[in-house]
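The block underneath contains the structure these notes are about, expressed in structure tokens.
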There are 2 protein chains.
Amino acid sequence: MFADWPASDPAPASVAVPATDRRAARHAATRQEILDAAWAMARERGLGSLGMRELAAAVNMRAPSLYQYFGSKLEIYDAMFREGMGQALAAVGGEVDRRQGLDALRESGRRMVEFATSDPVRAQLLFQRTIPGFEPSPESYAPAVEMSGKVAALIKQVGITDPQAMDMFTALMSGLINQQLSNDPGGTRWIRLVDRVVDMFLAEMAPAT
Amino acid sequence: MFADWPASDPAPASVAVPATDRRAARHAATRQEILDAAWAMARERGLGSLGMRELAAAVNMRAPSLYQYFGSKLEIYDAMFREGMGQALAAVGGEVDRRQGLDALRESGRRMVEFATSDPVRAQLLFQRTIPGFEPSPESYAPAVEMSGKVAALIKQVGITDPQAMDMFTALMSGLINQQLSNDPGGTRWIRLVDRVVDMFLAEMAPAT
DNA sequence: GTCTATACATCGATAGAC
DNA sequence: GTCTATCGATGTATAGAC
């Protein structure tokens with residue numbers, strides 16, 4: 001179920017794909033090389049400081065050649081977003097599917113916070129809207145919708161019927177992530193509050209449980 | 001106490017200030033005009049899309065003239081940050097000083113969330129670190145430290161001694177703000193959860209109260 | 001002192017040769 | 001499919017008009 005967004009996804013419709021399978025595979029491989037280099041560059045010099053010339057140099061190309069693989073710089077961001085959201089879905093949903101009830105909800109919270117804080121640049125791309133002009137395409141955003149559905153199902157599964165529960169839960173996790181990244185990057189000051197916050201949430205939502 | 005960061009603050013040391021008071025006043029006024037135009041432009045086209053030529057045109061100047069008032073584009077961002085943080089301190093601290101106990105803490109939470117969500121661009125500048133190369137100067141950041149101290153005092157004042165209380169409270173407010181801005185800009189979907197979240201926080205921290 | 005014209009390096013992106 | 005050359009736009013430095 002989570003294999004729908006593999007790292008080596010073929011190119012989107014906006015870029016022409018060569019006819020033969022051989023060429024298509026090579027094209028996809030080069031595309032992935034560029035993406036990997038883009039992640040490395042973004043982590044080194046900041047997400048907003050991606051430069052086409054420098055990115056091209058990192059994969060032994062000149063800048064114009066990149067446009068054979070991506071229609072624009074924003075399309076590179078979109079591909080990164082798609083990749084990152086797929087990872088988020090896998091990280092939060094995968095293990096959680098094998099647990100039940102409160103344990104699963106607690107684990108999903110832990111994984112959400114750990115996933116987001118373990119890669120600040122990825123979190124900036126996925127959860128803040130910070131690149132001028134960039135908005136993820138619906139296809140790239142799809143995993144986020146699926147993940148949201150999974151969390152909603154978890155909440156319902158533990159017997160919480162409060163319609164505000166989902167919004168509160170996402171806000172709590174988002175707050176921990178935000179503070180951790182903003183005020184203690186690389187540390188654990190807010191990460192270690194996750195279990196306590198989830199328990200606080202449960203006490204508010206399902207006092208009987 | 002909050003008048004220390006008036007909107008018409010004199011120019012920082014990095015830009016030469018004219019000798020006479022007359023000229024200094026005119027200089028400060030023009031500086032403020034530029035800042036106001038910068039806020040307007042940022043709200044219209046996005047914080048990261050501030051352009052020097054366009055900003056200059058908005059105040060009937062050419063781009064190089066702006067450098068008489070600000071040493072660089074990042075210095076404009078810094079002045080905006082300073083102004084915004086002053087407003088944050090005034091919004092959160094001002095009224096709260098006149099209340100006491102739980103009421104004051106609740107009100108500070110409300111005001112924090114309302115302040116941040118009422119101007120998304122300002123919130124992006126103050127609370128996300130999103131402009132490539134920009135970091136607020138210590139002088140501009142000072143109101144944030146003072147505000148943080150005020151909230152800590154509020155928490156202590158209601159009898160909460162838990163050392164994690166401050167981190168949890170800021171995370172809760174930050175999460176509401178984050179979700180509101182990201183997923184329902186202009187709406188109230190998370191804003192209206194503030195009181196409930198604060199109560200949940202109080203129940204966790206001071207069950208006896 | 002204030003503002004401008006000019007210039008320059010760099011950016012994302014395009015055209016066309018090979 | 002990759003290149004060189006180039007375009008228009010950007011942030012910014014400088015020289016000089018008034």
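Residue numbering restarts at 1 for every chain, and letters A, B, ... go by the order of the sequence lines.
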(request) Whole angstrom is fine here: how far is it from OH in A/Y69 over to C1' in C/dA13? (result) 18 Å

(request) Send over the distance from A/L66 CG to C/dG12 P, rounded to a whole Å. (result) 10 Å

(request) Take the protein atom NE2 of B/H27 and the nucleotide atom P of C/dC3, then report the distance between them rounded to whole Å. (result) 8 Å

(request) Just compare D/dT12, D/dG1, C/dT2 and give me whichever is closest to any side-chain atom of B/A63. (result) D/dT12

(request) Could you tell me which residues satisfy salt bridge (Lys or Arg N to Asp or Glu O under 4.0 Å) with A/D36, sequence neighbours excluded, listed by chain and number? (result) none

(request) Look at the rings of B/F134 and B/Y77 and say which category their plane angle falls in: under 30° parallel, 30 to 60° tilted, over 60° perpendicular. (result) tilted

(request) Return the value, rounded to whole Å, for the distance between atom CZ of B/R22 and atom C1' of C/dG1. (result) 16 Å

(request) Figure out the CZ/P separation between A/R53 and C/dT10, and round it to whole Å. (result) 10 Å

(request) Would you kindly say whether B/Q164 and A/R196 are connected by a side-chain donor-acceptor distance under 3.5 Å? (result) yes

(request) Could I get the full list of side chain to side chain donor-acceptor pair (under 3.5 Å) partners for B/R98, not counting sequence neighbours? (result) B/E95

(request) Calculate the interatomic distance between A/F70 atom CZ and C/dA13 atom P; express it in whole Å. (result) 13 Å

(request) With the side chain of A/S65 defined as its heavy atoms from C-beta on, choose the nearest nucleotide among C/dC11, D/dT2, D/dG11. (result) D/dT2

(message) In this structure, how many angstroms lie between the C1' atom of C/dT2 and the CZ atom of B/R26, rounded?
(response) 10 Å

(request) Please name all residues satisfying side chain to side chain donor-acceptor pair (under 3.5 Å) with B/R122, sequence neighbours left out, ordered by chain then number. (result) B/Q87, B/S118

(message) Treating primed atoms plus P, OP1 and OP2 as sugar-phosphate and everything else as base, which nucleotides of nucleotides 13-18 of chain D get B, S or - for protein heavy atoms under 4.0 Å?
(response) BB----

(request) Please list, chain by chain and in numerical order, all residues satisfying ring-ring contact (aromatic ring centres under 6.0 Å, His included) with B/F201, sequence neighbours excluded. (result) B/F169

(request) Determine which pairs satisfy salt bridge (Lys or Arg N to Asp or Glu O under 4.0 Å) with at least one residue from residues 52-68 of chain A, sequence neighbours left out, and list them in order. (result) A/R45-A/E54

(request) Report yes if at least one side-chain N or O of A/R62 is closer than 4.0 Å to OP1 or OP2 of D/dT4; otherwise report no. (result) yes

(request) Could you identify which residues of residues 45-52 of chain A place a heavy atom less than 4.0 Å from some atom of DNA chain C, listed by residue number, or say none? (result) A/L50, A/G51, A/M52

(message) Can you measure B/K73 atom NZ to C/dC11 atom C1' for me and round it to whole angstrom units?
(response) 12 Å

(request) Can you run down the ring pair (Phe, Tyr, Trp, His ring centres under 6.0 Å) pairs that involve residues 170-200 of chain A, sequence neighbours left out, and say none if there aren't any? (result) none

(message) Tell me which pairs pass salt bridge (Lys or Arg N to Asp or Glu O under 4.0 Å) where either residue lies in residues 127-136 of chain A, with sequence neighbours left out.
(response) none

